[in-house]
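Let me begin by presenting the structure, written as structure tokens, before commenting on it.
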Amino acid sequence: MADYREEDIHEWYNLYHQTIFKFIFMLTKDYQQAEDLTQETFFKAYKYHHTFKGDSSEKTWLFSIAHNVTVDHMRKQKPIRFFKELFQPQIDIKLLPENVVQLKESSKEIHEALSALKHSHREVIILRKIKGFSITETAEILNCSESKVKSTLHRGMLALEKRLIKESGLNEHTK
Amino acid sequence: MNIQSELNTYNRALQKVEYDLEWSQEQADLVRRKLERQIYKEKVKSRAFKIFGYLSTISITFSLLFLLVIQLGNEDSFVSGMLSKEEKLYTMEVIDGKERPVLTEKGMEYVVYPMDAHKEINTISGEPFLGVSVGKIGSKEQIYTQAIYPTSEGRFISVHYSKNETGSVEEMSRYFLPEYPLYGTKVTEINVSGQRAFLHEPTTEYGSAALYIVTKNYVYYMTNQGLLNKKQGDSEELVRLANLFNFEVER
């Protein structure tokens, strides 16, 4: 017999599984890890359902869980990731299996530029510019101050711009 | 292109990423099923923990009850004479061709009567003879001990006890302190070694003094037997002997 927690999780998964997966995927750059962490996010939401007081929306709450599980996972994977990146420094978006994740050609350039940014810049840009969360919601998800969100976003956007200009320059040069 | 329009371009490009990136629905359904299995396992685990918790609580309760029963058995004075081999309060021995209960060293520890009263009271000539009998209260054994103190005059002071079935000193005392005067008997309430006691003294030439001591567990009866002359066995002697009783070892 399904309890009310299970019903909530079922409903939330229907509504938010895509956006949560994409958020984690853009942070980890690994679709398999993103799938595992998406599952972990919803499982944690089930397990700690009683702590959700409804002060924020369930979407914000789910994103804060997703952020925490991802950061925890990345922290644990840090030494492994270091060696992975040493031998495979740039993840080629073309290698993504199409039956799992699809990215349209028009967004590949900006996605690659985003992937090259440092983690703190990337997460703020994803939440604010891609997911459309407010500054307050972003601060809540990242568990930091609003001013920190503003300043990180500003620096992140400058870094992204720099990266895109560099990439377009490279593209011009190779043409 | 100015900075503002560049930013707007980037913003639009970023917003587009959300729609251009797609996670396969087939994979999403696969993860959903894995999640459902994980939740199911968690529910089973949680239920198992709850059941384990209940079982633990029940076993602890039963263990405590068991210990309590044992403890009550021990507290029940000479009840449970055969608690365990280590705590055996009496053994059966053949005396005069008949098997009789005899108190063990452990059993002697719970005897309220003094063994050396003769050192304190001149009229008592020696150690008391202890008569032990074992009765049953339900499934429990109840040891009854009677003490017979010899006197130099050839009479005996007898002490025995019975259970205070009321469990209340107040209630039991009513039996020994009647509201109406008893014909030929003077009843006086006294205190003996911190316990309520009732001295019944004859007001006629017949009869002898008796002392009844009421505790929460027992009622002690002290009388003179084989009395030749009522002046020989006076109430003062009974009270002095009763004051030597050690009610602290009463169980």
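In plain terms, the two heavy atoms of Y10(B) and I165(A) that are nearest each other are OH-CG1, 4.0 Å. Closest heavy-atom contact between K16(B) and S106(A): NZ-OG, 2.6 Å. Counting all heavy atoms, side chain and backbone alike, F42(A) lies closest to L35(B) at CB-CD2, 3.5 Å.
Of the atoms belonging to Y46(A), it is side-chain heavy atoms, and not backbone ones, that fall under 4.5 Å from chain B. Within the 4.5 angstrom heavy-atom criterion, only side-chain atoms of E42(B), from C-beta onward, approach chain A. Interface remark: E105(A) contributes no atoms to any contact with chain B (heavy atom separation under 4.5 Å). With a 4.5 angstrom heavy-atom cutoff, I130(A) touches chain B via backbone and side-chain atoms both. No part of I126(A) comes within reach of chain B, as not one of its non-hydrogen atoms sits under 4.5 angstrom from that chain. In this structure, chain A has a heavy atom under 4.5 Å from the side chain of E36(B), while its backbone stays farther away.
Taking a 6.0 Å sphere around NZ of K59(A), one finds it holds more than 12 heavy atoms contributed by other residues, nucleotides or ligands. Heavy-atom neighbours of H119(A) NE2 from other residues, nucleotides or ligands within 6.0 Å: above the threshold of 12. Applying the 6.0 Å contact sphere to CD of E93(B) captures more than 12 heavy atoms from other residues, nucleotides or ligands.
Looking at Q38(B) and E40(A), their side chains come closer than 4.5 Å, going by heavy atoms from C-beta outward. Side-chain contact check for M26(A) versus V17(B): some heavy-atom pair is nearer than 4.5 Å. Proximity of M157(A) to L14(B): side-chain heavy atoms (C-beta onward) are separated by under 4.5 Å at one or more points.
A side-chain donor-acceptor contact under 3.5 Å links K22(A) to the backbone of L21(B). Formation of a donor-acceptor pair under 3.5 Å by the Y13(A) side chain with backbone atoms of V31(B) is not found in this model.
The CD atom of E35(A) sits 8.0 Å away from atom OG of S24(B), with the distance rounded to the nearest 0.5 Å. How far CZ of R12(B) is from NZ of K129(A): 12.0 Å, rounded to the nearest 0.5 Å.
Here R32(B) is the residue among Q15(B), R32(B), Q25(B), K34(B) with the most heavy-atom pairs under 4.5 Å with chain A. If you tally non-hydrogen atom pairs under 4.5 Å between each of E18(B), Q27(B), E26(B) and chain A, the highest count goes to E18(B).
For E6(A) and K43(B), the salt-bridge test passes: some basic side-chain N is under 4.0 Å from an acidic carboxylate O.
W23(B) and Q102(A) share no donor-acceptor pair across their side chains, judged by distance under 3.5 Å alone.
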